[in-house]
Amino acid sequence: MADKKALITGITGQDGSYLAELLLGKGYEVSGIVRRSSSFNTERLQSHYQDPHASSYRLRLIYGDLDDGAAIARTIRDVAPDEIYNLGAQSHVRVSFDVPEYTVASVAMGTLRLLEAIRDTGKSVRFYQASSSEMFGSASPPQSETTPFQPQSPYACAKVFAHQLCQNYRAAYGLFISCGILFNHESPRRGIPFVTRKVTRAAARIKHGLDRKLYLGNLDARRDWGFAGDYVDAMWRMLQADRPDDFVIATGESHSVRELLDAAFEALGLDWREYVELDPRYLRPTEVDHLEGDATKARRVLGWEPRVRFRDLIRMMVQADEEDIRLSLAGRAPPA
């Protein structure tokens, strides 16, 4: 695979950083699209950053945006990738109710711009689309590839559009497009506004006396939580398969937010009930109560299995957050 080239949108995010790490380890030349910002947003890539002057330079960051079709087309022409992984999006479900137009522009129209750019090149490119378990919405669990979509947020509606667009372009133009319907996947690199990281970070800060309260919304919501490092392996496997297809990627277990709180606070010897309060601002206008994936097809076709289970995942995240705080308090890292 030393001669393979990959292009990743959303490379600075949790999944993008793990995927870049995986592909670099397999000998790929990796290019990633990065949005221009007045502050650095490449922290997750620091462990595998490479000096562009080095002869072995295989990680290249390119300014671009999914809202800019011309820049996308130019980047695909210049990079000439064998594989494209579309991970870029406004991916916070609750926030999508506040910025629906921006969410749809990046998630739905961004995917359309990528597919049109691929089609215009006329070259053979394998394309991975990051679909989402949020597309299932209010559908009864367990959810599989045949479960009808019942989206309950602007983000989920945009993901359904992008997913079905990919299916259409695959059928209409013969493009190699595989969609990974990934259930919730977390890690120490997860963004702080997302509930898992919000909980693990708050538990660590409360343990060290930096915070006294944690405010959350629906504690009864149930999710199928897995490890992001496992899930990017599934993405790669989809593009190595003989045929493109759609795959649910999940652990097959669901846990409530209350169970998440139990696991995180117990890891530090705390009782979350003493610190957690409800804030209706964190409730969604339409809630998704229960997501639990059936990844039978991925196991059978791709040979994929999740390795990290729920409590081990939460413990990993708590330990990473507590270590960050210890370093900060010791003056060896900037305070959070």
Side-chain angles (χ1 to χ4, degrees), residues 13-14 90-99 132-134 136-138 141 152-153 155-156 182-228 250-293 308-329 333-336:
Q14 169 190 251
Q90 189 301 100
S91 59
H92 196 288
V93 177
R94 177 61 189 84
V95 172
S96 76
F97 287 97
D98 301 323
V99 288
S132 170
S133 60
E134 287 289 332
F136 294 121
S138 57
Q152 298 294 303
S153 67
Y155 169 77
L182 271 58
F183 281 64
N184 295 66
H185 44 289
E186 319 297 323
S187 76
R189 301 179 193 175
R190 187 57 144 156
I192 292 172
F194 292 87
V195 67
T196 49
R197 184 75 193 289
K198 185 176 180 179
V199 166
T200 62
R201 182 173 179 270
R205 289 179 62 82
I206 288 170
K207 177 69 175 180
H208 288 276
L210 299 177
D211 285 339
R212 291 184 295 176
K213 291 292 182 180
L214 168 61
Y215 297 92
L216 295 173
N218 183 6
L219 302 187
D220 296 315
R222 300 185 66 86
R223 293 294 184 270
D224 186 327
W225 280 300
F227 175 49
T251 69
E253 300 176 4
S254 66
H255 300 271
S256 68
V257 176
R258 293 179 190 275
E259 292 175 80
L260 165 63
L261 289 164
D262 283 338
F265 279 75
E266 281 179 9
L268 296 173
L270 300 173
D271 183 351
W272 64 266
R273 295 165 187 83
E274 299 178 15
Y275 308 102
V276 174
E277 293 188 9
L278 302 183
D279 187 338
R281 289 179 296 178
Y282 295 122
L283 297 174
R284 303 178 186 179
T286 46
E287 185 57 81
V288 173
D289 295 320
H290 193 176
L291 294 176
E292 182 177 316
V308 180
R309 293 298 178 181
F310 173 70
R311 285 196 169 269
D312 293 331
L313 169 64
I314 302 306
R315 190 178 303 112
M316 175 201 308
M317 295 175 66
V318 169
Q319 289 173 349
D321 279 322
E322 190 182 21
E323 179 64 16
D324 283 346
I325 289 172
R326 287 184 188 278
L327 292 174
S328 295
L329 293 176

Completion exercise
Between A264 and A203, the two heavy atoms sitting closest are O-CB, 4.3 Å
Fill in the blank from the handout: Hits for ring-ring contact (aromatic ring centres under 6.0 Å, His included) against F227, two or more places apart or cross-chain, chain-then-number order -> Y18
Problem - Separation of H185 NE2 from T251 OG1 (nearest 0.5 Å) - result: 12.5 Å
Problem - Closest heavy-atom pair and its distance - R222, E259 - result: NH1-OE2, 3.2 Å
Practice task
Can you measure from NE2 (H255) to CG (L313) and round to the nearest 0.5 angstrom?
Solution key: 9.5 Å
Practice task
Any chance you could lay out the side-chain contact (heavy atoms from CB on, under 4.5 Å) test for F136 and V288, step after step, and finish with the verdict?
Solution key: CA-CA 9 Å; F136 294 121; V288 173; over 6 Å; no
Handout entry: D321/K198 salt bridge by N-O under 4.0 Å criterion
Key = no
Fill in the blank from the handout: When rounded to the nearest 0.5 Å, the distance separating CD of E277 from CG of L216 is 10.5 Å
Exercise for the section: Determine the minimum heavy-atom distance between L261 and L219, stating which atoms define it. Expected result: CD1-CD2, 4.1 Å
Fill in the blank from the handout: When every non-hydrogen atom of R258 is compared with those of D220, the smallest separation belongs to NE-OD1, 2.9 Å
Exercise for the section: For the residue pair I314 and T200, establish whether any side-chain heavy-atom pair is separated by less than 4.5 Å. Expected result: yes
Exercise for the section: Using atom types as modelled and distance alone, determine if a side-chain donor or acceptor of R190 lies under 3.5 Å from a backbone N or O of R197. Expected result: no
Handout entry: Audit row: E287, R223, salt bridge (Lys or Arg N to Asp or Glu O under 4.0 Å) steps and yes/no
Key = CA-CA 12 Å; E287 185 57 81; R223 293 294 184 270; 3.7 Å; yes
Exercise for the section: Look only at the side chain of Q14 and the backbone of S187, and say whether a donor-acceptor pair between them is shorter than 3.5 Å. Expected result: yes
Practice task
Output all residues satisfying ring-ring contact (aromatic ring centres under 6.0 Å, His included) with Y155, sequence neighbours left out; order by chain, then residue number.
Solution key: none
Handout entry: For S256 against W225, the heavy-atom pair lying closest together
Key = O-CZ3, 3.8 Å
Problem - Any side-chain heavy-atom pair of I206 and L268 under 4.5 Å - result: no
Exercise for the section: For the pair R94 (side chain) and L283 (backbone), establish whether a donor and an acceptor sit closer than 3.5 Å, ignoring hydrogens and angles. Expected result: yes
Practice task
Taking all heavy atoms of E134 and all of A156, pick out the closest pair and write down the distance.
Solution key: O-CB, 3.3 Å
Handout entry: Pairs where residues 190-218 contributes a residue and the test ring-ring contact (aromatic ring centres under 6.0 Å, His included) is met, not counting sequence neighbours
Key = H92-F194
Handout entry: Between CZ on residue F183 and CG on residue L291, distance to nearest 0.5 Å
Key = 5.5 Å
Fill in the blank from the handout: CZ of R212 to CD of E274, rounded to nearest 0.5 Å, is 14.0 Å
Problem - Derivation of the side-chain contact (heavy atoms from CB on, under 4.5 Å) call for V276 and V199 - result: CA-CA 10 Å; V276 174; V199 166; over 6 Å; no
Fill in the blank from the handout: So CZ of R205 and CG of D324: to nearest 0.5 Å the spacing works out to 11.0 Å
Exercise for the section: For the residue pair R284 and Q152, establish whether any side-chain heavy-atom pair is separated by less than 4.5 Å. Expected result: no
Practice task
Answer yes or no: is there a side-chain heavy-atom contact under 4.5 Å between T196 and L260?
Solution key: yes
Problem - Min side-chain heavy-atom separation W272-D262 under 4.5 Å - result: yes
